[in-house]
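A short write-up of the structure that comes next.
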Amino acid sequence: MTFIATVSMGDCVILAADRATFYVGAGISIPSLHVQRKIARNRHGYITAAGFVELIRPVKDRFVAEGPESVEAVMQIIADEQERFRRRNYLKAVVESRVKSCSWILTLPVSLEEKSILAAVYDYASDGLLALAKGHSIFNYPSDVAEHEKRHVESMAAEFSFGWRGEGTSLQDIRHNMSLILSIAGYLRGRGRCLTSQIDFAVHAVGWRKEVDSGLFLEKGLSSC
């Protein structure tokens, strides 16, 4: 599994993902030497995912090519590709566990009138996409991250900034939250966990979007937005 951080700020969502990839050997995930960007965009929003590439890639490809603009349309793409994955692998006993292990996180504008950005997280149990409420964050972790490390990350996440009540998200809030995500990733790397030093960000705010990697962010911030 990859490292993904999602922060919902109401009128802005921050997605962050490392570039580590894995292959499965003897029932466990083993880091590979290949790295890749994991956040994809279309004209409406972003999607990123963790899990088996054979299932994730076609979902992301269709998200980009078809440009779905509603949660229902994205959910249909996921359902279609899950069924195709099952048919391709119907003789494999682990097929359903592989479907279950895949997750998707996406952003879409709710409406121009409401001036809000939706962060939706795929939930296998309900076979649906659940909205992440403003003021909340969620993380996907590499498989080697221990429970006490996850608890420490959650304690760090309490420092995310969500702006003043009644006011929109500021660039200062966004910069602070991106810096905190990098601190969280640094903590996990310092514990020897499997994630890359380079983190890709996608910032989806009302009226603008921005993609930047950790190196460029540390060098130039968000001054070019």
Side-chain angles (χ1 to χ4, degrees), residues 1-22 36-53 55-64 66-82 98-110 116-143 145 150 153-154 157 160 162 169 174 177-178 180-182 184-185 188 195-196 199-205 209-214:
M1 296 290 281
T2 191
F3 171 76
I4 298 172
T6 309
V7 184
S8 177
M9 305 165 70
D11 59 351
C12 176
V13 175
I14 300 173
L15 295 181
D18 81 325
R19 298 183 183 183
T21 61
F22 302 82
Q36 67 177 36
R37 296 177 184 269
K38 300 172 184 175
I39 301 175
R41 67 174 288 172
N42 65 23
R43 63 184 181 275
H44 301 294
Y46 294 99
I47 192 169
T48 188
F52 281 84
V53 172
L55 175 52
I56 288 172
R57 181 175 291 149
V59 172
K60 292 170 71 174
D61 288 348
R62 288 184 60 185
F63 181 85
V64 173
E66 299 175 20
E69 56 183 308
S70 69
V71 168
E72 292 78 15
V74 177
M75 192 61 240
Q76 187 60 57
I77 290 174
I78 292 173
D80 289 348
E81 295 306 326
Q82 283 178 331
R98 292 186 175 183
V99 172
K100 182 178 180 180
S101 70
C102 291
S103 60
W104 291 267
I105 303 98
L106 65 107
T107 72
L108 289 171
V110 175
S116 59
I117 303 297
L118 170 71
V121 181
Y122 178 73
D123 177 67
Y124 176 83
S126 64
D127 193 28
L129 290 164
L130 306 179
L132 184 64
K134 176 184 177 181
H136 289 79
S137 58
I138 191 169
F139 297 89
N140 290 76
Y141 297 97
S143 58
V145 175
K150 295 178 183 179
V153 168
E154 294 298 332
F160 281 129
F162 298 101
T169 299
I174 296 170
N177 292 346
M178 291 172 67
L180 185 54
I181 290 170
L182 292 181
I184 289 169
L188 293 174
L195 64 159
T196 59
I199 305 295
D200 293 310
F201 290 99
V203 181
H204 189 171
R209 290 191 284 168
K210 178 73 175 180
E211 299 104 59
V212 61
D213 64 43
S214 53

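Here the structure is a predicted model, which is why all the values come from computation and not from measurement.
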Seminar exercise, completed: Residues S8 and A119: closest non-hydrogen pair is CB-CB, 4.4 Å

For this session: Measure the spacing between CZ of F3 and OG1 of T196 and express it to the nearest 0.5 Å.
Result: 10.0 Å

Exercise. Is a side-chain donor or acceptor of D11 paired with a backbone partner of T169 at a separation under 3.5 angstrom?
Worked result: yes

Exercise. Less than 4.5 Å apart, any side-chain heavy atom of T6 and any of I14?
Worked result: no

Seminar exercise, completed: Between the CZ atom in F52 and the OG atom in S101, the distance rounded to the nearest 0.5 Å is 5.0 Å

Exercise. Do any N or O atoms from the side chain of N42 and from the backbone of F63 form a donor-acceptor pair under 3.5 angstrom?
Worked result: yes

Exercise. Can you name the nearest heavy-atom pair linking L118 to A131, along with the distance?
Worked result: CD1-CB, 3.5 Å

For this session: For L15 and F201, run side-chain contact (heavy atoms from CB on, under 4.5 Å): C-alpha distance rounded to whole Å, both residues' side-chain angles, the deciding distance at 0.1 Å, then the answer.
Result: CA-CA 6 Å; L15 295 181; F201 290 99; over 6 Å; no

Exercise. So do L129 and D123 actually touch side chain to side chain, heavy atoms under 4.5 Å?
Worked result: no

For this session: Calculate, to the nearest 0.5 Å, the distance between atoms CD1 and CG belonging to I117 and L132 respectively.
Result: 13.5 Å

Seminar exercise, completed: Nearest heavy-atom contact between R37 and D213 is NH2-OD2, 4.0 Å

Exercise. Looking only at heavy atoms, what is the nearest atom pair of A16 and I181, with distance?
Worked result: CB-CG2, 3.8 Å

Exercise. Are more than 12 heavy atoms from other residues, nucleotides or ligands located less than 6.0 Å from atom CD of E66?
Worked result: yes

For this session: Check whether more than 12 heavy atoms from other residues, nucleotides or ligands sit under 6.0 Å from atom NZ of K150, and answer yes or no.
Result: yes

For this session: Could you check if a side-chain atom of I47 sits within less than 4.5 angstrom of a side-chain atom of I39, using non-hydrogen atoms only?
Result: no

Exercise. When rounded to the nearest 0.5 angstrom, what is the spacing between CZ in R19 and CG in L195?
Worked result: 13.0 Å

Exercise. Any side-chain heavy atom of C102 within less than 4.5 Å of one from I56?
Worked result: yes

Exercise. With distance as the sole test, does T48 use its side chain to make a donor-acceptor pair with the main-chain N or O of K38 at under 3.5 Å?
Worked result: yes

Exercise. What's the verdict on side-chain contact (heavy atoms from CB on, under 4.5 Å) for C12 and I174, showing C-alpha distance, side-chain angles and the deciding distance?
Worked result: CA-CA 9 Å; C12 176; I174 296 170; 3.9 Å; yes

Exercise. In Å and rounded to the nearest 0.5 Å, what is the CG to CZ distance from L106 to R41?
Worked result: 14.5 Å

Exercise. Mind checking whether M9 and V13 have side chains closer than 4.5 Å, heavy atoms only?
Worked result: no

Exercise. Which word best sums up how the rings of Y122 and W104 line up, parallel for under 30°, tilted for 30 to 60°, or perpendicular for over 60°?
Worked result: perpendicular

Exercise. Do R209 and Y46 come within less than 4.5 Å of each other through their side chains, counting heavy atoms only?
Worked result: yes

Seminar exercise, completed: For P68 and L108 the tightest heavy-atom approach is O-CD2, 3.9 Å

Exercise. Where the side chain of S137 meets the backbone of V7, is there a donor-acceptor pair that is under 3.5 Å apart?
Worked result: no

Problem set entry | H44, NE2: over 12 other non-hydrogen atoms inside 6.0 angstrom | yes

Exercise. Less than 4.5 Å apart, any side-chain heavy atom of E81 and any of P58?
Worked result: yes

Problem set entry | Distance-only side-chain donor-acceptor flag, N140 / T2, under 3.5 Å | no

For this session: Quick one: pull up CG in D200 and CD in E211 and give me the separation to the nearest 0.5 Å.
Result: 9.5 Å

Exercise. Would V212 and M178 satisfy side-chain contact (heavy atoms from CB on, under 4.5 Å), going step by step from the backbone distance to the final call?
Worked result: CA-CA 10 Å; V212 61; M178 291 172 67; 3.6 Å; yes

Exercise. Does any non-hydrogen side-chain atom of K60 lie less than 4.5 Å from one of V64?
Worked result: no

